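Here the structure is laid out as structure tokens; the discussion comes afterwards.
The structure displayed is predicted, hence computed values, not measured ones.
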Number of protein chains: 2
Amino acid sequence: MITLEDVARHAGVSLATASRVLNGSTRQVGASLRAKVELAAAQLGYRPNVAAQALARGAGNVIGLVVHDLVDPYFAALADGAMRVAEGRGLMVMVGTTHRDPEREIAYVATLNAQRVRAVLLAGSRIADAHLTRRLREELDGYRESGGGVACVGQDLLGTDTVVPGNAEGAADLARALAGLGHRRFAVLAGPAGLVTAQDRVAGFAGALAELGLPAPLLVHGAFDRDGGYAAATEFADRIAGWDEGPSCVFAVNDVMAVGALAAFRDRGILVPQDVSVAGFDDIATLRDLVPALSTVRLPLTAMGARALELALDPAGEARVERISGEVVLRESTRKAAPA
Amino acid sequence: MITLEDVARHAGVSLATASRVLNGSTRQVGASLRAKVELAAAQLGYRPNVAAQALARGAGNVIGLVVHDLVDPYFAALADGAMRVAEGRGLMVMVGTTHRDPEREIAYVATLNAQRVRAVLLAGSRIADAHLTRRLREELDGYRESGGGVACVGQDLLGTDTVVPGNAEGAADLARALAGLGHRRFAVLAGPAGLVTAQDRVAGFAGALAELGLPAPLLVHGAFDRDGGYAAATEFADRIAGWDEGPSCVFAVNDVMAVGALAAFRDRGILVPQDVSVAGFDDIATLRDLVPALSTVRLPLTAMGARALELALDPAGEARVERISGEVVLRESTRKAAPA
DNA sequence: GCAGAATTGGAAATCGTTTTCCTGGAGGTT
DNA sequence: AACCTCCAGGAAAACGATTTCCAATTCTGC
């Protein structure tokens, strides 16, 4: 490996001068020496050793990103937004995927802490488990004390800068919109019982229904992914099989689950939206071409990821919380309910 | 920040001993000292500084991954596979997204080189531009000389370990399968003219048709993404509008483009598969619930990403090339052609 | 008991940079 | 001409670990 010392020797200057020329410094270097150093560096093919730079400077140019699953388009979009910001600032991004294991999440924060990354971005919803949350919080506190920025996308549970999607409000808006279409009886594919994002969406939805004086929705729990949606929709169909009046509209707490639900209904010969309307949440770009097109709540995911990283990188005294509201988008998967 | 020296002092031992206790060493440390050091480290909340470790050890535990676009499920799946391997080996992953800009790709390799990452994984197809390819290759050679492993997923153009999807063979198999369904006249939504992956798929497809004695397909170029598929399909529909016998089957060179094509046909009232059959390539998991379900060529993307990283991490004398073959999956988007 | 081997602990060199001083010379002001 | 300021350049001290020696101890086998 070519080191800075090699370059300096080859150029006939001191280490200090070579460093000043090659790796941005406030100090000036005379034109002739500067040229010599640059030539030597080019000839030798010098590459700075960032580990050494990070050590000497006391700060690297890496940021950390922790997501649950890169294959889930929700997280991919968030990551994309964050990476664009990182790129714009000349930072590299280290990514960790937890596959929804809270222990892994804590472990990643510890690792990123050891890496002395400039900022850590936590994406995705926390499990509603006080003990785990506390441990994560402690780990983050330790990290922040050492000067790193932390932000998260999701719930404001960690005392950090947070970009909070308007889950409850969006779901409530959606409920009102669906009620406006004439629906009276709803089911909710509610995701895992302990997942805060899912809880918020369910609560917002159910709350709006209550305000409208409509009956509480039928809740079916299941995993937060496509297969969870499929399973929950199947269970739903089984449960209402004998009823004379079942729900006319099903709300899946995210788009990916809604896709699973659509598949389940299709497999059982239930027509959407004729037999039942289906709505999701997130407005995942990759899924906009579904048939029938999914009614949902649009969240500006890329912008949210970008904004969160900005928060993490630009420190403030107080923990800031930014609420991002979703926008109801009605498409073909929901239709006017038949008059009662 | 708590350093190892703080821990050593607090425990009343030397730096060397503390290092041996805390960060895996071959040397033994007596039980009593070991306990003292561990206690001190825990009390002080010591976190090793990886930059310093990397410097002292001469190698970090980071690998680099360069993809075009994380939002594209193709790359997300590859990245996921690679990350699982990395996780299993206790390595962190630095991700760079090029957004299909070859200059950025080269820049990322340079940056990863400076980071002295253990291995670099390049995913995604190279542009067929000799000059850019040469520059990338030089950059990679420089990196490999310094001891890093390189692998790529895509074409074997860089003289490195490579996982090569059977693009031409898969497309040829698909062509034969479609011909077996009775199709005689084909169109290909061929992607950008300079993209090697797209070229290979087109060539394989066209080659098989020629072998079967069928007419050469109608080629329509466009971007390699959903909107490119939409635009190309629209152009295709316009072109054949006046013909008395147009192609009965359209092959989009990837699934994402096929989704765009399906949308375009839907918007123009063209029924798939009744009016025209559509097939894609990749078998993206997120898109398996489309209606009509997409006929395609399945590529084990996650496994490919994982394998590529394994190649990069386990050095060999020679550059190894592993071919991965795709499997034709016929679904509802293609149907038997009406007898002529 | 005793030589030699094995083991354990510590001092100090090392990794590749950045950065703080320090020095000598150039330029400007009375 | 004397004095002061400014500035380019270099020597050397961090930065926070690992690792190589070396010395001191404890085991072995006779």
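A donor-acceptor distance shorter than 3.5 angstrom exists from the side chain of A:Tyr143 to the backbone of A:Val117, with no hydrogens or angles considered. Remark: side-chain polar atoms of B:Asp6 are paired, donor with acceptor, to backbone N or O of B:Thr3 under 3.5 angstrom.
For the side-chain hydrogen bond (donor to acceptor under 3.5 Å, both in side chains) with A:His68, the lone residue among A:Thr98, A:Thr97, A:Asp225, A:Asp101 that qualifies is A:Thr98.
B:Leu121 CG to B:Met94 CE: the interatomic distance, rounded to the nearest 0.5 Å, is 14.5 Å.
A salt bridge is defined here as a Lys NZ or Arg NE, NH1 or NH2 lying under 4.0 Å from an Asp or Glu carboxylate O, and B:Glu87 with A:Arg104 meets this definition.
Under 3.5 Å, the side chains of B:Gln155 and B:Thr162 contain no donor-acceptor pair of N or O atoms. Defined by atom type and a distance below 3.5 Å, a donor-acceptor pair is missing between the side-chain atoms of A:Glu38 and A:Tyr46.
When DNA chain D is scanned in the 5' to 3' direction for atoms under 4.0 Å from non-hydrogen atoms of chain B, the outermost contacting nucleotides are D:dG16 to D:dC21.
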| remark: Per-nucleotide protein contact along nucleotides 9-21 of chain C, 5' to 3', at a 4.0 Å heavy-atom cut-off (B base, S sugar-phosphate only, - neither), is BBB---BBBBBBB

